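Below is one structure, written out as structure tokens, with a few remarks after it.
What you are looking at is a predicted structure, and each value in this text was computed from that prediction instead of being measured. We count residues from 1, following the sequence as given. Note that ligands are numbered from 1 as they come in the structure, with each ligand's atoms numbered from 1 the same way.
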Amino acid sequence: MQPPSYQDYVSVDFPGAGGGSYNNNKHWRRQSCWRGHLSGSSVPIFSSLLPLLTRQPTFKSFNATSISLLLKWKQLSQLQRSLILFILALLFICGIASFPTFNEHLRGLSEDRATNPGPVGPELPPFQPVHHPPPVQLKKIPNKRGPPALQNRSQRKGNTSETVSEDTPADKDRPKVISWHGAVIDTELDTEDTKAGRNEEDSLSNQEVKLAKGSGARLEAVRDAFRHAWKGYKDYAWGHDELRPISKSYSEWFGLGLTLIDALDTMWILGLKDEFEEAKAWVATELTFNKNVDVNLFESTIRILGGLLSTYHLTGDALFLDKAKDIGSRLMPAFNTPSKIPYSDVNIGKGTAHPPRWTSDSTVAEVTSIQLEFRELSRLTQDPQYQNAVGEVMKQVNKLSGKLDGLVPMFINTNSGQFTHLGVFTLGARADSYYEYLLKQWLQGGKKEPQFLEDYLQAIEGVKKNLLQKSSPTGLTFVGELSNGQFSPKMDHLVCFLPGTLALGAHNGLPPEHMDLAKELMETCYQMYAQMETGLSPEIVYFNTHQGSTRDIDVKLADRHNLLRPETVESLFYLHRLTKEQKYRDWGWEILQSFNKHTKVPSGGYTSINNVRDPEYPSPRDKMESFFLGETLKYFYLLFSDDSSLISLDEYVFNTEAHPLPVWPPSGSA
Ligand code: DMJ
């Protein structure tokens with residue numbers, strides 16, 4: 001369907017649980033919502049006006065009450081009457097002008113999926129859904145919604161280039177460099193994939209093109225998606241933090257080229273040499289951290305420090321290590337707090353740090369999910385200050401009271417070092433990657449730090465005991481939340497990292513039941529996509545648990561957005577890599593096609609959307625998050641690759657932004 005000719009955004013801040021307006025998981029972000037969906041202030045006015053709009057006065061009911069009203073009216077002064085008439089006239093005009101918005105709100109509430117004319121008000125240029133000719137392909141995939149079409153993109157000009165030379169590793173601790181060849185070799189064909197028969201790809205040499213063709217159409221589809229996303233970034237946001245693909249502009253968060261840095265190792269892994277070289281040139285000549293800018297410690301650690309470290313490991317290029325050292329040392333002032341629990345924000349130019357304006361709390365996930373990166377920085381630089389700082393945080397959190405069976409609250413105070421807002425437990429926003437990093441620190445260090453394992457195992461038991469339930473009617477296993485003893489069947493999409501983490505633990509010798517649970521939760525996360533009309537998951541779902549429910553999953557109006565998040569694809573990658581079950585790939589393939597169908601912007605880039613329940617008009621938010629390139633597309637590629645030595649799970653741990661860091665070799669070995 002055609003989008004509305006113009007759109008009207010209303011920005012609303014949603015207050016977080018006890019933490020001021022810190023919101024959107026780990027981001028301080030305002031959420032743009034469609035007026036009529038969320039802007040509640042207009043609703044009461046229109047509700048009261050509705051009778052006036054829908055009913056005609058009838059003189060039949062001109063009864064005693066009406067007469068007494070008339071008498072009262074006559075008792076009013078001229079001024080009072082004029083005022084009342086003026087207000088009524090004003091309400092009437094507002095009502096007429098806003099009736100379409102109110103009408104849309106009602107339609108949203110009743111889950112009516114009829115064509116949506118959209119709200120009014122000029123702002124952004126219209127979102128044009130990509131035209132989808134018939135699929136290239138491939139075997140039919142079972143899909144309740146019917147298989148969405150894969151876009152048949154125009155073939156690219158042959159522009160072969162020589163194989164990149166690998167820098168000699170300068171650091172003996174650095175594990176093997178993953179070459180372009182390593183990146184594109186797939187030993188077996190994906191049996192489901194037919195060869196796309198494309199022309200030579202612009203980023204690969206002849207030899208590599210052969211290899212790329214042999215690696216299957218699904219891998220090609222991921223490369224195409226990446227190139228399309230990159231085109232938008234390059235054309236409209238080059239060197240800036242995030243692409244705004246609808247308005248063909250960009251947004252700045254830290255002003256550090258966030259998308260470009262987050263995407264570096266993805267380009268390397270996907271074998272996109274030309275794109276990588278261009279981005280590397282920008283890092284070499286343009287990227288500077290000597291800037292008077294406040295950055296979020298967690299976000300810049302996982303995306304920038306993590307991205308630079310992993311690119312260094314994959315390429316062996318010292319440029320990336322130098323940049324990693326620079327940003328790493330500039331982030332250190334965050335740890336200068338009374339408790340040594342770091343502040344959320346650092347000014348990397350001035351060397352000052354501070355908590356958010358409204359609180360001295362930090363988020364538990366944020367202070368406990370920077371460890372892999374700083375530990376690795378210490379190992380590479382042989383400077384223990386980084387590891388010591390993040391290790392101290394883990395030591396303190398390990399001993400704190402306020403946990404429930406290994407589950408942690410969501411906030412921690414930077415003055416006292418104690419948990420705050422006690423009694424609320426979630427595996428979603430503000431706590432999620434605490435659990436992920438317990439397991440991964442244990443793996444990164446070669447399984448020599450038993451405290452991490454102990455805490456992880458205890459926490460998983462805590463999840464099973466307190467947060468795990470089954471939905472009705474079909475019995476999907478889900479992870480809910482607990483608030484002062486009260487269970488809520490709410491699950492963030494963010495929780496979908498958990499199946500992958502559980503599977504990784506089971507692969508490393510933890511109880512096999514962890515793998516069983518991983519599989520059950522994987523099915524649930526997949527259903528969060530499959531049961532939506534666009535085939536894309538909302539940000540948050542609620543599961544029905546009472547007998548007699550007709551559907552398992554409910555979505556609130558405010559939670560219908562999809563930010564192109566990676567967690568489900570990430571877990572599909574782990575589950576497939578570790579079980580080899582084909583269904584995980586097929587689920588991923590469905591999801592990729594849904595992204596292509598509903599979030600791809602014709603002029604380049606992908607956009608997050610407001611409404612996963614409206615396939616006709618999913619309502620673009622005009623933002624491509626850096627993690628779409630850093631994580632989502634990378635995990636898609638690894639999911640479809642048959643080469644399990646491509647970022648071997650025995651040699652690397654992925655940080656929470658999908659940047660692979662090496663498992664440390666036993667001391668003494670190279
Ligand atoms: C990413 O920045 C990371 O994966 C983080 O752990 C969670 N939020 C986003 C992706 O959803």
Side-chain angles (χ1 to χ4, degrees), residues 16 22-29 31 229 241-242 251 253-254 256 258-266 295-307 310 344 362-373 408 410 426-441 491-501 504 525 528-529 536-541 559 561-574 591 595 599 606-609 612 621 623-636 638 653-661:
Y22 185 90
N23 201 1
N24 195 7
N25 316 315
K26 292 158 196 159
H27 305 179
W28 252 261
R29 296 212 167 169
Q31 306 202 359
D241 282 345
E242 290 146 338
S251 53
W253 191 3
F254 310 141
L256 296 173
L258 205 57
T259 295
L260 188 149
I261 299 175
D262 224 358
L264 283 168
D265 58 3
T266 305
V295 302
N296 174 279
L297 170 69
F298 164 75
E299 298 289 0
S300 49
T301 298
I302 65 170
R303 300 185 199 214
I304 300 176
L305 179 57
S310 74
S344 59
S362 285
T363 302
V364 170
E366 293 197 349
V367 302
T368 57
S369 312
I370 49 179
Q371 278 64 17
L372 293 177
E373 299 81 356
V408 289
M410 300 189 297
T426 174
L427 265 273
R430 304 190 180 110
D432 50 359
S433 41
Y434 162 74
Y435 305 100
E436 178 188 351
Y437 270 37
L438 285 177
L439 178 73
K440 288 182 174 176
Q441 285 177 84
M491 180 164 148
D492 293 351
H493 181 272
L494 288 168
V495 180
C496 290
F497 81 92
L498 188 59
T501 299
L504 181 64
C525 290
M528 286 162 61
Y529 285 71
L536 294 172
S537 170
E539 179 75 355
I540 299 169
V541 297
D559 304 332
H561 48 293
N562 178 296
L563 304 184
L564 313 172
R565 285 196 191 277
E567 290 76 18
T568 295
V569 186
E570 168 186 354
S571 283
L572 287 170
F573 155 65
Y574 282 104
I591 293 171
F595 277 126
T599 70
Y606 288 73
T607 178
S608 45
I609 56 174
V612 297
R621 290 167 76 102
K623 166 92 68 106
M624 183 173 78
E625 301 279 351
S626 79
F627 51 68
F628 184 63
L629 279 71
E631 296 193 71
T632 313
L633 293 177
K634 185 187 289 155
Y635 282 129
F636 269 128
L638 293 171
V653 279
F654 286 89
N655 85 340
T656 192
E657 188 77 4
H659 298 303
L661 299 173

At under 4.0 Å between heavy atoms, which part of E625 makes contact with ligand 1: side chain, backbone, both or neither?
neither
In terms of side-chain geometry, is the basic nitrogen of E539 or R565 positioned less than 4.0 Å from the acidic oxygen of its partner?
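Salt bridge between E539 and R565, a charged N being under 4.0 Å from a carboxylate O: yes.
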Hey, does H493 sit under 4.0 Å from ligand 1 if you only count heavy atoms?
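No.
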With a 4.0 Å cut-off on heavy atoms, does E567 reach ligand 1?
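Yes, E567 has a heavy atom closer than 4.0 Å to ligand 1.
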Pick whichever of E366, E539, R565 has a heavy atom sitting closest to atom 8 (N) of ligand 1.
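Nearest option to atom 8 (N) of ligand 1, by heavy atoms: R565.
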Could you tell me whether the side chain of [X] and the main chain of [Y] form a donor-acceptor pair under 3.5 Å?
{"X": "S433", "Y": "T656", "result": "no"}
{"X": "D492", "Y": "L494", "result": "no"}
{"X": "N562", "Y": "P538", "result": "no"}

Just jot down the ligand 1 atoms closer than 4.0 angstrom to any heavy atom of [X], in number order.
{"X": "P566", "value": "10 (C), 11 (O)"}
{"X": "F627", "value": "1 (C), 2 (O), 9 (C), 10 (C)"}
{"X": "T656", "value": "3 (C), 4 (O), 5 (C), 6 (O)"}
{"X": "L494", "value": "7 (C), 8 (N), 11 (O)"}
{"X": "I302", "value": "2 (O)"}

Donor on one side chain, acceptor on other, R303 and S626, under 3.5 Å
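Per modelled atom types, R303 and S626 side chains form a pair under 3.5 Å.
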What about D432: any of its N or O atoms under 3.5 Å from an N or O on ligand 1?
no
Polar-atom distance check: S433 versus ligand 1, any N or O pair below 3.5 Å?
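The answer is no, given that S433 and ligand 1 share no N or O pair closer than 3.5 Å.
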Does S300 have any side-chain contact (heavy atoms from CB on, under 4.5 Å) partners at least two apart in sequence or in another chain, and if so, which?
F254, V295, I304, L331
Mind checking side-chain contact (heavy atoms from CB on, under 4.5 Å) for T568 and listing every partner two or more places apart, or none if nothing turns up?
H493, C496, M522, C525, Y529, L572, I591
When you compare the side chain of E242 with that of K623, does any pair of heavy atoms fall below 4.5 Å?
yes
